[in-house]
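Scroll down for the structure; my scribbles are underneath it.
Quick note on labels: first sequence line is chain A, next is B, and so on, each numbered from 1.
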Number of protein chains: 2
Amino acid sequence: MATKGKYIYEYPHPAVTADCVVFGYDGKELKVLLIKRGKEPEASATAYVGEWALPGGFLEVEKDKTIAHTAARELKEETGLRLTVKDFKEVGTFSDIHRDPRERVITIAHYALVKLAQVEASTDADRADWFSWNDIPHLAFDHDKILRVAFSRLKRDIHFEPVGFDLLPEVFTLPQLQNLYESILEVKFDRRNFANKMKHYAILTEVESPTPRRGTRTPVLYRFYKENYDRLKGSGFQLEF
Amino acid sequence: MATKGKYIYEYPHPAVTADCVVFGYDGKELKVLLIKRGKEPEASATAYVGEWALPGGFLEVEKDKTIAHTAARELKEETGLRLTVKDFKEVGTFSDIHRDPRERVITIAHYALVKLAQVEASTDADRADWFSWNDIPHLAFDHDKILRVAFSRLKRDIHFEPVGFDLLPEVFTLPQLQNLYESILEVKFDRRNFANKMKHYAILTEVESPTPRRGTRTPVLYRFYKENYDRLKGSGFQLEF
DNA sequence: GGTTTTTGTGTAATTTTTACGCAAAGATAA
DNA sequence: TTATCTTTGCGTAAAAATTACACAAAAACC
């Protein structure tokens with residue numbers, strides 16, 4: 001199949017892919033969605049068969065309006081997860097000349113945050129699976145590196161944007177929120193100071209608690225108060241921890 | 001020249017370019033290096049001839065180790081300016097399907113900071129020129145957009161890294177440093193508070209001033225104290241203004 | 001010598017951040 | 001039923017950082 005192709009260029013062109021780091025949070029740990037690599041019908045050859053990898057795939061030159069559209073389309077095809085283009089944040093370009101053994105492939109990595117509970121059901125479990133952040137298997141290509149960079153990007157973004165809320169269910173407790181921040185920022189906060197700061201920012205609204213029993217004292221439930229957050233953000237605000 | 005090419009692929013491939021936003025600072029204003037577009041021997045057709053644009057060009061698939069190497073190589077070829085791969089920071093990918101009228105081209109934008117005085121001489125003035133940030137001409141392609149994003153990235157990075165110092169000469173005055181920060185952050189600071197904060201951070205060392213006359217009172221000269229900055233940065237520090 | 005521009009300097013008031021202890025809610029075990 | 005354990009909620013005092021603010025010295029120009 002040496003000259004099976006029909007797309008001809010005067011100069012060599014690289015292949016371009018979009019890869020997706022999809023983060024979830026189960027109330028306890030940060031999670032990442034990975035796929036098991038199989039044979040890919042579109043690629044001229046398939047590499048790393050049977051290994052775990054980030055979901056992603058090739059830019060469709062004549063169809064994908066932007067590389068983020070590639071990310072959204074491939075994520076849907078490979079995991080069943082349906083996200084919009086706006087859900088993806090660009091992490092960066094990975095372009096090492098030999099990062100793919102088949103041909104020159106540069107990839108634009110993206111990350112996305114999902115409410116885990118609400119998407120677990122719609123995920124195609126045959127090919128995809130969620131892994132705890134502290135228990136990630138070895139990944140194909142340079143996907144380990146991409147994952148690390150994506151995490152550091154998330155870690156940075158959380159200072160400026162309410163990314164935490166994209167990972168939590170609509171209704172959540174203060175301890176859950178704090179644990180999430182601690183997981184991402186890899187630090188511990190004083191519970192009282194954390195609550196004070198949140199109260200000061202006024203970006204949470206208390207939910208009429210239907211007293212949902214648990215193992216200990218029932219925590220108060222909150223909802224994210226988007227209006228207030230947007231107002232704060234508009235005036236050059238930044239969430240600090 | 002419809003089928004002049006000799007590079008054949010089974011699926012369509014995009015062209016990939018690296019574009020460079022090179023910032024300089026003349027002690028008064030932020031500047032950007034632009035080139036005047038001419039005929040490009042490498043491209044199958046040339047677009048936007050005669051217009052100003054960001055320096056940049058096509059990834060050489062078999063030669064450029066990473067896309068940052070493309071940026072460095074093209075900057076050198078187009079402007080004469082010789083920077084290392086490490087001098088470039090990635091801004092992001094611009095991949096709109098019709099951003100280049102010739103074919104599908106996605107570009108990875110980068111920015112770099114240079115000590116203006118020391119590079120002005122080595123810049124190829126026939127093709128390249130420095131423009132004040134507040135006096136940028138209309139640019140080819142989507143380069144206006146790239147420029148805006150690059151600036152906002154610089155604005156963000158200056159909180160975490162001593163980027164200011166890359167734009168200043170080795171030896172500089174406190175008012176110069178303040179003016180630079182004000183230009184990038186688009187705010188005004190109180191002179192005394194700015195000086196106090198800098199003193200508190202202890203990242204400047206006073207230089208034995210050879211009393212270099214000027215228009216008014218001779219300002220004290222400083223040099224950036226890298227050791228102290230690195231130490232601070234290592235312990236999770238961040239430059240705030 | 002007077003005028004103008006630019007630079008350097010310190011302190012008090014305010015705001016933000018940090019540190020810290022105890023009581024109530026709910027579950028489980030004795 | 002009571003004791004015990006874990007988890008949650010709450011407020012204040014000390015420390016640190018940020019802000020606001022005024023005057024004198026250096027140099028150039030007239």
Side-chain angles (χ1 to χ4, degrees), chain A residues 26-29 158-160 168-169 171-183 185 187-223 225 228 232 235-241, chain B residues 26-29 158-160 168-169 171-183 185 187-223 228 232-233 235-241:
Chain A
D26 66 358
K28 195 82 183 163
E29 283 184 306
I158 204 174
H159 291 289
F160 304 104
L168 290 165
V171 162
F172 51 87
T173 70
L174 217 45
Q176 278 179 325
L177 181 63
Q178 177 172 348
N179 181 267
L180 173 58
Y181 270 89
E182 291 177 339
S183 300
L185 292 170
V187 293
K188 289 287 180 189
F189 297 114
D190 180 273
R191 198 158 30 90
R192 294 152 291 187
N193 290 340
F194 187 87
N196 284 342
K197 186 165 282 197
M198 275 299 163
K199 189 188 297 176
H200 175 247
Y201 286 151
I203 52 181
L204 302 181
T205 53
E206 200 164 324
V207 170
E208 195 50 47
S209 164
T211 30
R213 311 298 159 120
R214 271 192 34 182
T216 59
R217 175 171 178 173
T218 305
V220 176
L221 295 179
Y222 292 95
R223 190 184 296 279
Y225 188 11
N228 248 3
L232 281 171
S235 56
F237 161 84
Q238 94 182 48
L239 260 186
E240 307 224 29
F241 285 96
Chain B
D26 65 358
K28 194 83 183 162
E29 283 184 304
I158 204 174
H159 292 287
F160 305 104
L168 290 165
V171 162
F172 52 87
T173 70
L174 217 46
Q176 279 180 324
L177 181 64
Q178 178 172 345
N179 180 268
L180 173 58
Y181 270 89
E182 290 177 340
S183 301
L185 293 171
V187 292
K188 289 287 178 188
F189 297 113
D190 180 274
R191 201 157 26 99
R192 293 155 290 188
N193 291 341
F194 187 87
N196 283 342
K197 185 165 280 195
M198 275 299 162
K199 190 187 296 175
H200 175 246
Y201 286 150
I203 53 181
L204 302 182
T205 53
E206 199 164 323
V207 171
E208 195 51 49
S209 161
T211 30
R213 310 299 159 121
R214 272 192 33 184
T216 59
R217 174 171 178 173
T218 306
V220 176
L221 294 178
Y222 292 95
R223 191 183 296 278
N228 248 2
L232 280 171
K233 196 178 170 192
S235 56
F237 159 84
Q238 95 183 47
L239 260 188
E240 307 225 29
F241 285 97

Open item on the list: Assuming nearest nucleotide by heavy-atom distance, tell me which of D190(A) and E206(B) is located more 5' along DNA chain C.
Closed with: E206(B)
TODO: Could you state the atom-to-atom distance from CG of N196(B) to P of dT9(C) in whole Å?
DONE: 10 Å
Open item on the list: Tell me whether the side-chain N/O atoms of T218(B) come closer than 4.0 Å to OP1 or OP2 in dA26(D).
Closed with: no
Open item on the list: List the residues meeting side-chain contact (heavy atoms from CB on, under 4.5 Å) with Y222(A), not counting sequence neighbours, and say none if there are none.
Closed with: F172(A), L174(A), L204(A), E206(A), V220(A)
Open item on the list: Can you work out whether K199(A) or R191(B) has the more 5'-proximal nearest nucleotide on DNA chain D?
Closed with: K199(A)
- [ ] Calculate the interatomic distance between R192(B) atom CZ and dT11(C) atom C1'; express it in whole Å.
- [x] 11 Å
Task: From dA22(D), dA17(D), dG8(C), nucleotide with atom closest to H200(B) side chain - done: dA17(D)
Task: Given dG9(D), dC20(C), dT7(C), the nucleotide with the shortest approach to the side chain of P175(B) - done: dT7(C)
Task: Whole-Å gap separating C1' (dC20(C)) and CZ (F194(A)) - done: 18 Å
Open item on the list: Under 3.5 Å, is there any donor-acceptor pair linking the side chain of R217(B) to the base of dA24(D)?
Closed with: no
- [ ] Give the rounded distance in Å between these two atoms: CE of M198(B) and P of dT9(C).
- [x] 15 Å
Open item on the list: Using salt bridge (Lys or Arg N to Asp or Glu O under 4.0 Å), reason through R192(A) and D190(A) one step at a time and then give a plain yes or no.
Closed with: CA-CA 6 Å; R192(A) 294 152 291 187; D190(A) 180 273; 3.0 Å; yes
Task: For atom CZ of F189(B) and atom P of dT7(C), their distance in whole Å - done: 16 Å
- [ ] State, to 0.1 Å, how close K28(B) and S183(B) come at their nearest heavy-atom pair, and which atoms those are.
- [x] O-OG, 4.1 Å
Task: Proximity to the side chain of P219(B) - top-ranked nucleotide from dT11(C), dT7(C), dT9(C) - done: dT7(C)
Open item on the list: Rounding to an integer number of Å, can you tell me how far L221(B) CG sits from dA26(D) P?
Closed with: 17 Å
TODO: Compare every heavy atom of D26(B) with every heavy atom of E29(B), then report the nearest pair and how far apart it is.
DONE: N-OD1, 2.6 Å
Task: Length of the line joining N193(A):CG and dA16(D):C1', which is rounded to integer Å - done: 14 Å
- [ ] Measure across I203(A) and N228(A) and return the closest heavy-atom pair with its distance rounded to 0.1 Å.
- [x] CG2-C, 4.4 Å
Open item on the list: Using whole Å, what does the distance between atom P of nucleotide dG8(C) and atom CG of L177(B) come to?
Closed with: 12 Å
Open item on the list: Quick check on dT18(D): is either OP1 or OP2 less than 4.0 Å from any side-chain nitrogen or oxygen of K197(B)?
Closed with: yes
